[in-house]
Student: 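One structure, as structure tokens, below. Some questions next.
Positions are given from 1 along the sequence. Just follow the structure's listing: the first ligand is 1, and inside any ligand the first atom is 1.
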Amino acid sequence: MDTFDIFKQLTAGVRFTRKRESAPIPKTQNIIKEETPQTNLARLPKKEEENQPASEFRLLSDPTGVKTNESKRKKAKKQLSAEQVEQAQRTEHVNALRKQHNITVLGKDVPAPITTFDELNKPDYKLLPRLQENLLSRGFPQPTPIQMQALPILLKNRALMACAPTGSGKTLAFLTPIINGLRIHKTSGLRALVLAPTRELAQQIYRECMELTKSTGLRTHFISKVSEARQQYGPECKQKYDILISTPNRVRFLLQQQPPLLDLKCVEWFVLDEADRLMEEGQNNFKEQLDDIYAACTNPQNRVAFFSATYTVPVAKWALRHLKNLVRVTIGVQNSATDTVQQELLFVGTESGKLLAIRELVRQGLQPPVLVFVQSKDRAKQLFEELLYDGINVDVIHAERTQHQRDNCVRAFREGHIWVLICTELMGRGMDFKGVNLVINYDFPPTTISYIHRIGRTGRAGRAGRAITFFTQDDTANLRSIAQIIQNSGGVVPEYMLQMKKVRKSEAKMRAKKPLDREDISTKLRPELPTPLIKNTKLSKAEKTEKVLKQKNKKSQPSKDLTIDSKLKKLTNIKKQMNGQAAGKTKPKGAKNKNK
Ligand SMILES: Nc1ncnc2c1ncn2[C@@H]1O[C@H](COP(=O)(O)OP(=O)(O)OP(=O)(O)O)[C@@H](O)[C@H]1O
């Protein structure tokens with residue numbers, strides 16, 4: 001008799017009814033659970049109840065035993081030690097504090113937020129007296145929510161991924177713990193590395209760091225010219241720095257020199273500002289550079305912190321995979337615009353309507369300083385010429401300007417010598433110009449993330465700001481998502497915008513990579529140029545490169561280099577296109593721009 005026969009005999013005459021389907025078991029997510037659920041006095045006994053033996057559990061869950069259950073709970077509550085009660089009260093207080101300041105934390109044993117800078121004097125944090133003085137000299141009445149939570153986390157040497165609105169003081173939140181952690185100047189070499197996506201932003205962080213390190217003896221460096229690197233901090237250089245602030249490409253370049261001009265083996269703090277931008281993969285993005293740099297930071301004591309106003313899934317995945325003891329902090333709702341900016345969407349019909357609209361805004365009276373965003377350097381140059389012609393105190397900043405011009409431009413805008421600054425995405429992230437009153441998105445932002453950062457150049461540090469975004473018929477694809485962002489941050493948008501069709505992910509990705517072809521901004525009449533003059537520098541560059549590649553190809557015979565072949569093919573196509581353009585003579589007014 002096998003087991004099935006025994007089962008049949010034992011269950012003879014028994015009827016089986018179908019069991020009600022049990023509730024699905026939630027999938028265990030690959031995230032660190034929130035350390036602070038609503039642990040309060042009322043909930044604690046329940047935990048005890050869960051630990052009851054089975055017989056007692058039956059008793060408690062008996063519908064007639066409600067009273068017993070209640071009294072048991074009360075008894076359990078009474079039995080809590082004074083210490084447990086105190087702990088529960090503390091947790092309750094911390095939860096209330098986080099709720100009040102819209103702080104969400106994910107991670108184990110997350111330190112409680114502070115509410116004043118004075119609290120950093122506690123023995124827990126051992127803040128350097130000199131640093132404390134420097135902090136207080138800034139005159140900030142109290143820490144911002146991200147500072148309240150990020151400072152204790154980093155001062156306790158935990159890894160951190162922080163997401164907080166634009167202009168909420170993230171820079172101070174990561175510089176303070178670095179300075180406190182390093183404490184004194186050492187000649188061992190670089191011990192902290194802060195990376196930012198643009199030179200301008202790195203320079204801004206450097207300035208803030210110089211303020212905070214005053215009289216601490218710590219030495220901070222900003223890589224201005226890679227050509228000066230050997231003298232500045234090469235192996236023979238005696239003058240050692242403690243903190244390095246730079247863009248990833250410069251750091252990687254120096255690491256790749258033979259012998260390397262940078263040594264990151266002693267790095268104890270590795271901080272990314274605008275981490276989601278720095279983690280972007282693909283051509284012209286930073287991820288590859290970042291991987292090389294991170295690999296060079298071999299110190300096992302290295303603490304990592306990521307900061308941004310926006311986050312993408314790959315960043316969180318990377319952090320969860322690579323960082324031990326990680327805490328994730330979000331202030332408010334992730335990937336949302338700051339609520340201090342009054343946001344407007346303005347339909348301008350066509351490209352030429354934009355110029356009319358900006359002139360109308362000027363006529364009504366602009367309150368400087370104003371930042372105007374366009375999608376390409378060509379368009380920046382064209383708009384600059386137009387506004388200059390109108391007699392506006394305007395300047396322009398884009399990647400084609402020299403470093404010196406860019407520095408001067410930023411300084412003049414900061415000092416109020418320039419009232420309207422036209423810029424490309426280059427200035428979209430992180431830049432902290434005091435008191436920008438208005439941001440104009442002359443060209444519709446390519447993504448919601450870009451929108452959040454661009455408009456975040458105003459309404460900073462609790463001040464009020466205003467942002468106007470022009471849109472034409474061509475921009476309607478992304479209109480819905482940006483209207484949603486405006487609504488989420490308390491703005492009012494017409495209902496039809498929210499009802500618009502969602503764009504497919506593939507289209508959104510494409511738009512993010514390649515901005516729309518738009519009509520020229522320039523209203524200048526262009527003279528018909530003779531064909532040879534149109535043969536521009538790009539064509540002659542292509543011809544030169546082709547020559548070099550052909551020579552290389554000859555040398556590499558017979559082991560022919562296939563990559564050279566494919567490059568040559570591409571160049572032939574480019575030349576064909578350029579020659580075709582030349583034959584087509586000048587671009588007529590209203591022709592679409594190549595947005596490069
Ligand atoms: N506790 C504070 N109280 C008031 N202002 C502060 C405080 N901390 C910093 N600030 C000021 O807030 C402004 C914005 O700070 P910061 O540039 O660090 O913002 P951010 O959060 O990094 O913004 P973004 O996301 O745009 O880079 C700065 O001018 C800074 O001096």
Student: Would you mind running through ligand 1 and noting each atom that sits below 4.0 Å from a heavy atom of Ser168?
Tutor: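 Counting atoms of ligand 1 from 1, those under 4.0 Å from Ser168 are 19 (O), 20 (P), 21 (O).
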Student: Does ligand 1 have a heavy atom under 4.0 Å from the side chain of Asp432, from its backbone, from both, or from neither?
Tutor: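 For Asp432, the contact with ligand 1 is made by the side chain alone.
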Student: Got the closest protein heavy atom to atom 30 (C) of ligand 1, with its distance?
Tutor: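 Protein heavy atom with the smallest distance to atom 30 (C) of ligand 1: Phe140 CZ, 4.1 Å.
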Student: Please work out which of the three classes, parallel, tilted or perpendicular, describes the rings of His322 and Tyr294, given edges at 30° and 60°.
Tutor: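 Perpendicular: the ring planes of Tyr294 and His322 meet at over 60°.
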Student: Answer with side chain, backbone, both or neither: which part of Arg429 has a heavy atom less than 4.0 angstrom from an atom of ligand 1?
Tutor: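 Answer for Arg429: neither.
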Student: Between Leu212 and Leu131, which heavy-atom pair has the shortest distance, and what is it?
Tutor: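 Closest approach of Leu212 to Leu131, heavy atoms only: O-CD1, 3.6 Å.
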Student: Considering only heavy atoms, which of Ile331, Thr144, Thr171 lies nearest to atom 18 (O) of ligand 1?
Tutor: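 Selected option, by shortest heavy-atom distance: Thr171.
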Student: Between Lys287 and Asp291, does at least one N-O distance fall below 4.0 Å, as a salt bridge requires?
Tutor: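 Salt bridge between Lys287 and Asp291, a charged N being under 4.0 Å from a carboxylate O: yes.
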Student: Under a 4.0 Å threshold between the charged nitrogen and the carboxylate oxygen, would Asp432 count as salt-bridged to Arg460?
Tutor: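 Yes, this pair counts.
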Student: Please list, in number order, the atoms of ligand 1 under 4.0 Å from a heavy atom of Glu274.
Tutor: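 Under 4.0 Å from Glu274, ligand 1 has these atoms: 27 (O).
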Student: Going by the closest heavy atom to atom 24 (P) of ligand 1, which one wins out of Ala162, Gly167, Ala309, Pro145?
Tutor: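 Nearest option to atom 24 (P) of ligand 1, by heavy atoms: Gly167.
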Student: Considering only heavy atoms, does Lys434 approach ligand 1 within less than 4.0 Å through its side chain, its backbone, both, or neither?
Tutor: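 Side chain only; the backbone of Lys434 stays clear of ligand 1.
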Student: Taking the six-membered ring for Trp, are Phe433 and Phe413 ring centroids under 6.0 Å apart?
Tutor: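 Centroid distance Phe433-Phe413: below 6.0 Å, so yes.
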Student: How does Arg460 reach ligand 1, by side chain, by backbone, by both or by neither, if only non-hydrogen atoms under 4.0 Å count?
Tutor: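 The part of Arg460 near ligand 1 is the side chain, not the backbone.
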Student: What are the two closest heavy atoms between Pro111 and Arg158, and how far apart are they?
Tutor: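 Heavy-atom minimum between the residues: CD-NH1, 4.3 Å.
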Student: Quick one: does ligand 1 sit under 4.0 Å from the side chain of Pro165, the backbone, both or neither, non-hydrogen atoms only?
Tutor: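 For Pro165, only backbone atoms sit under 4.0 Å from ligand 1.
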Student: Where's the contact between Gln142 and ligand 1, heavy-atom distance under 4.0 Å: side chain, backbone, both or neither?
Tutor: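 It is the backbone that gets close, since no side chain atom is under 4.0 Å.
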